[in-house]
Structure formats: C-alpha cells, structure tokens
Amino acid sequence: MPADMYAQYLPTGMLWDMTDAYDNADFQSRMLLPGINEAVREKGNGRLYGFSPTYGNGCVTYVKKAWMDALGIKVEDIKTYDDYYAMLKRFHDEDPDGNGVNGDTYGVVAAGFIGNEAPYINYLPEFWQDAYPGFIQGDDGVWTDGFQSDASKAALLRLQQAYKDGVIDPETLTASTKIAREKWFSNDQTGSSGAYTYWAGRWYQTLTDYFVKNDLDPELVMLPPIEEVGAYINREAPVWVIIDDGDGDNAREQAIFDKFFETMMDGDVVQTLWTYGAEDVHWSVHAEEFVTNPDDPEKRKEYSYEEGEFHLKLSLTNPNALWAKNLFDPNLVVCELTNGYGDPSELLLQGSKFFSENSKDAPMAPISETYTNEAGTIYDAKLAAVTEVVINGGDVDAAMQTYVSTVGGIIDQCLNDLNAQ
C-alpha cells in the first residue's frame, strides 16, 4: 500500500507487528538499503508493522531535446522558474514540433494539478516549488495544513497564470498518468507538450523506447531542479503489510512472513521472479539470437547471447522492444540479487544516478485516525479550490475560504490528533 495509507492504518491495530520477524530475517544478510525500512518503523517505539521491498523513487522533469533545439534553447540556461516558464511559453507560442503551425502545442502536461496521495506535487514541481499542500510537520514539531499556506496560494496563482497562457495542457485537470504520458509521446505531436515530469530511473529508458516506437526523435533531457525547487522529491516507499487476525497467536502471521517476504528477498529464484518475471518467458540464460525492428534499417538492432548469459527476452506485447521488469525495479530493491542476474540499460543507470543526486526525501506522512477516515473528503475540497483558482480564474483567498468552510472542522481535528501525539 502507499506510504500515506500505511500511516493511516498504523493506529488502527489491524496490522501485525513484524518487528522481530524482520530483525531476524535471513534476508538481513543481503540487505543493501537498511535505511528504507528503518524509516517505516513507528516513531517513538521503533516497532515495524510493514515491509518495503523497494525504495520509493520519485519524478524528474523530462524535456524533448528536439523541441529545445528547434527553438535554440539550451538545458544549461534553464536555472530559475522564469527560465523554465519562458521555455514552456515558447513551446506553446511557437512551432517546436516543426509542423508549420504556431500555438498548437503546450509547454507541459501532467496527471492532475495536485495529487491525491503523498507527495502531492511530484507531477508539477516547478509550479509548487516550496509549497507542500498536505499536512506537514515543521522543525518545531508542530503539524499544520500546508494547503492553507502562503506558499500554496502562490503556487495556485502560478498555475492559474500558466493555464491562462496556454502553458499547461488543459487536459491536465482530468488526465490520468496513462493519458498524460501517451499524449506526450504520441506520433501526432499536435496538442502535445515539450515537458513532462514522470518517474526517474527505468522510465528514462521506457519513455525513450516509446519515442522510438512512434517514430519521434527519442533524445530526452532530464532537467536539473530549478533554483526554486532545489531538489526533486523521493517519495516514501510503498509498504507491504500482514493483517493481524487478533487471536493473540503469531504463528499464522509469522508463516506468511516466512513464505512470502522471506522468499521474495531470497536473492535467487523467487526474487528473480518478482524482479524479472518467468524464466524462458521474460528472461533467459540460454543461447539466443533475435532482432528488433527487422524491417527498419535505421532502428534494426540485433541481439546475440551465449549459453549461460543472462538476458531479457522480447516483450510479449511489443515484438520490437525488450521486456523490462516484473513488479520490482531491480534498481530500487532493498536486498541484493546474489545470482548475478541483471540487465540494466545505460539510460536506466543514468536516470537512477541523476535522481539520487538531485532528490530529497518526502515529508513524513501524517498518522491520525481522523485523517484515515476523512482524507478523501479533504482531497475533494482541495481539488475544488484548485479548480476554482486555476481553471475558473477565481480569487485564491475566496477559494481558500470556501475550502476552510467546507473541511476546516475536519482539518482542526486532524491537527489536534497529530499535535497531541
């Protein structure tokens, strides 16, 4: 489950305390990133009620280099919000896709102006900047509602102006991640955008592959965080839990841990299954040769592997692409795969390195029974305020007052719960 959902369920008593099972697990000898699960422990008593097999990862802003080149824009010149905004505006006002028409493209597209789960702002970080529109704990230990902050109001006004200027694709309000990314790499670039903020690491390779598949220039630039952002956000890791049956006997829960969590991190056969999929279906160590894009001289690529050499096979859904991974991204897993299997691409490695050097951890998720029950209601009120300001061009203070009138009592109760802990 997502980290914020884990935080919501933590105080309910429904989750099994797996502290001893985790501390004594066989996979501890293969642990590469112990800090990931140390961060999952309950604050104050150090107990562990969930396990993160991978770290969270986060998003970076990708920009189409072909569009930048067409307008004479260099990535090293995009250092501030004003630089970034000027680039996006040119993507809209001019003809970066080279179809001879000005104004039929956008600066950026995203799956929503605000997320419904932490870290909320990861798809439009340049606009949100230092704002964090969720419950956030200050350095003094006091929890506040970041959505009501002056920083969030300023972010909403930046989004309002960008929407008015045509800098942001208007479909952003309702677009899913699938719709947003498919529009970005569509083979018809009319109505597409120059920038898109999405997951780091493997997605650098995956997005590039989609550009190749759609006969587009595939070179993408990872934009270093602008000054006002400082660093991209590494979200809290997703958490796997075991429900406590409440019978006072740990035998059932321990058996689940041993058969499920221990084996998924065995460093060998089962971890390989979780990471790469089924042998001789998704990957193989047998001698093999195959070709992608056999009928296209420019994209044709030949692959040849010797007996015993680990390699990924052709994708079952796209005969011109290699299979990438199963559930676990091999670059995010907390335990070592000791059988030596792996096939990271150069772009994947570049993407992971770029993110690790340009990211910071997301703020801690709130733990409150009231928030657990009312998070959806609070989000709906936030979305209404965002829609009023950004889409309708409404007054930000008036929209914020409506937000407070709608859910202010719930927010006060959540903050009381958090600050009483």
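A side-chain N or O of Asp361 and one of Asn234 form a donor-acceptor pair less than 3.5 Å apart. Asn45 and Glu42 are linked by a side-chain donor-acceptor pair at a separation below 3.5 angstrom, with hydrogens and angles left out of the test. Side-chain N/O atoms of Ser193 and Lys64 include no donor and acceptor closer than 3.5 Å. Looking at Gln148 and Asp145, their side chains do bring a donor and an acceptor atom within 3.5 Å of each other. With no hydrogens or angles considered, a side-chain donor-acceptor pair links Asp417 and Ser368 at under 3.5 Å. There is a side-chain donor-acceptor pair under 3.5 Å between Asn392 and Glu388. Between the side chains of Asp397 and Gln401, no donor-acceptor pair of N or O atoms lies under 3.5 Å. If you check the side chains of Asp82 and Thr80, you find no donor sitting under 3.5 Å from an acceptor. For the residue pair Asn339/Thr272, the side-chain donor-acceptor check at 3.5 Å is satisfied.
Of the possible donor and acceptor atoms, none in the side chain of Lys313 sits under 3.5 Å from a partner among the backbone N and O of Leu322. Remark: side-chain polar atoms of Thr105 are paired, donor with acceptor, to backbone N or O of Phe91 under 3.5 angstrom. No donor-acceptor pair closer than 3.5 Å links the side chain of Trp274 to the backbone N or O of Leu327. A donor-acceptor pair under 3.5 Å links the side-chain atoms of Gln137 to the main chain of Gly141, judged by distance alone. Distance alone, capped at 3.5 Å, is enough to place a donor-acceptor pair between the His311 side chain and the Ser284 backbone. Side-chain N or O atoms of Glu262 include none that pairs as donor or acceptor with a backbone N or O of Asp258 at under 3.5 Å. Of the possible donor and acceptor atoms, none in the side chain of Arg202 sits under 3.5 Å from a partner among the backbone N and O of Leu348. Checked by atom type and distance alone, the side chain of Asn326 pairs as donor or acceptor with a backbone atom of Leu273 at under 3.5 Å. With Gln129 contributing its side chain and Ile226 its backbone, the two residues share no donor-acceptor pair below 3.5 Å. With hydrogens and angles ignored, the 3.5 Å screen pairs a side-chain donor or acceptor of Thr338 with a backbone N or O of Gly267.
Contact annotation: the side chain of Gln189 approaches that of Leu216 to within less than 4.5 Å [non-hydrogen atoms, C-beta and beyond]. Counting heavy atoms from C-beta on, the side chains of Thr61 and Tyr232 come closer than 4.5 Å. Considering only heavy atoms from C-beta on, Leu15 stays 4.5 Å or farther from Ile242 through its side chain. Residues Trp128 and Ile114 meet the side-chain proximity criterion, which asks for heavy atoms closer than 4.5 Å. In this structure, the side chains of Phe290 and Lys301 stay at 4.5 Å or more apart for every pair of heavy atoms. Residues Ser149 and Thr144 have side chains not in contact (no heavy-atom distance under 4.5 Å, counting atoms from C-beta outward).
When all heavy atoms of Pro53 and Met265 are compared, the closest pair comes out as CB-CE, 3.9 Å.
Remark: aromatic rings of Tyr22 and Phe261 are distant, center separation not under 6.0 Å. Close placement of the Trp203 and Tyr198 rings is indicated, their centers lying within 6.0 Å of each other. Ring pair Tyr62/Tyr196: centre-to-centre distance not below 6.0 Å. Phe147 and Tyr403 have their aromatic ring centers within a separation under 6.0 angstrom.
A salt bridge links Asp23 with Arg41: the closest approach of a Lys/Arg side-chain nitrogen to an acidic carboxylate oxygen falls below 4.0 angstrom. For Glu298 and Arg300, the salt-bridge test fails: no basic side-chain N is under 4.0 Å from an acidic carboxylate O. A salt bridge links Lys183 and Asp169; the closest N-O separation between the charged side-chain nitrogens and carboxylate oxygens is under 4.0 Å. With salt bridges taken as basic N to acidic carboxylate O contacts below 4.0 Å, none links Arg158 and Glu126. Salt bridge absent: Lys213 and Asp209 never bring a charged side-chain N and a carboxylate O closer than 4.0 Å.
No option in Thr387, Leu159, Leu156 other than Leu159 meets the side-chain contact (heavy atoms from CB on, under 4.5 Å) test with Phe113. Of the candidates Trp143, Tyr120, Tyr371, Phe135 forms a ring-ring contact (aromatic ring centres under 6.0 Å, His included) with just one, namely Tyr371. With Trp240 as the fixed residue, the ring-ring contact (aromatic ring centres under 6.0 Å, His included) test singles out one of Phe51, Trp16, Phe260, Tyr6: Phe260. Considering Trp184, Trp67, Tyr204 in turn, Trp184 is the only one that fulfils the ring-ring contact (aromatic ring centres under 6.0 Å, His included) rule with Phe211.
For Tyr9, the OH atom is loosely surrounded, since the number of other residues' heavy atoms within 6.0 Å does not exceed 12. Taking a 6.0 Å sphere around CD of Glu182, one finds it holds more than 12 heavy atoms contributed by other residues, nucleotides or ligands. Within 6.0 Å of OH on Tyr210 lie no more than 12 heavy atoms contributed by other residues, nucleotides or ligands. For Gln28, the CD atom is densely surrounded, since the number of other residues' heavy atoms within 6.0 Å is greater than 12. In the displayed structure, Glu307 atom CD is contacted under 6.0 Å by more than 12 heavy atoms of other residues, nucleotides or ligands. Atom CG of Asp139 is surrounded by 12 or fewer heavy atoms from other residues, nucleotides or ligands within 6.0 Å. Around atom NZ of Lys353, no more than 12 heavy atoms belonging to other residues, nucleotides or ligands sit under 6.0 Å away. For Met5, the CE atom sits in a loose shell: 12 or fewer heavy atoms of surrounding residues, nucleotides or ligands are nearer than 6.0 Å.
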Show your working on side-chain contact (heavy atoms from CB on, under 4.5 Å) between Val60 and Thr197 and close with a plain yes or no.
-> CA-CA 5 Å; Val60 301; Thr197 303; 5.8 Å; no

Please walk me through it: do Ser186 and Asp188 pass side-chain hydrogen bond (donor to acceptor under 3.5 Å, both in side chains)?
-> CA-CA 5 Å; Ser186 169; Asp188 179 5; 5.8 Å; no

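If you take CD1 on Ile243 and OG1 on Thr12, they are separated by 7.5 Å, rounding to the nearest 0.5 Å. Rounded to the nearest 0.5 angstrom, Thr406 OG1 and Asp380 CG are separated by 10.5 Å.
Between Tyr85 and Tyr81, the ring-plane angle classifies as tilted under the 30° and 60° cut-offs.
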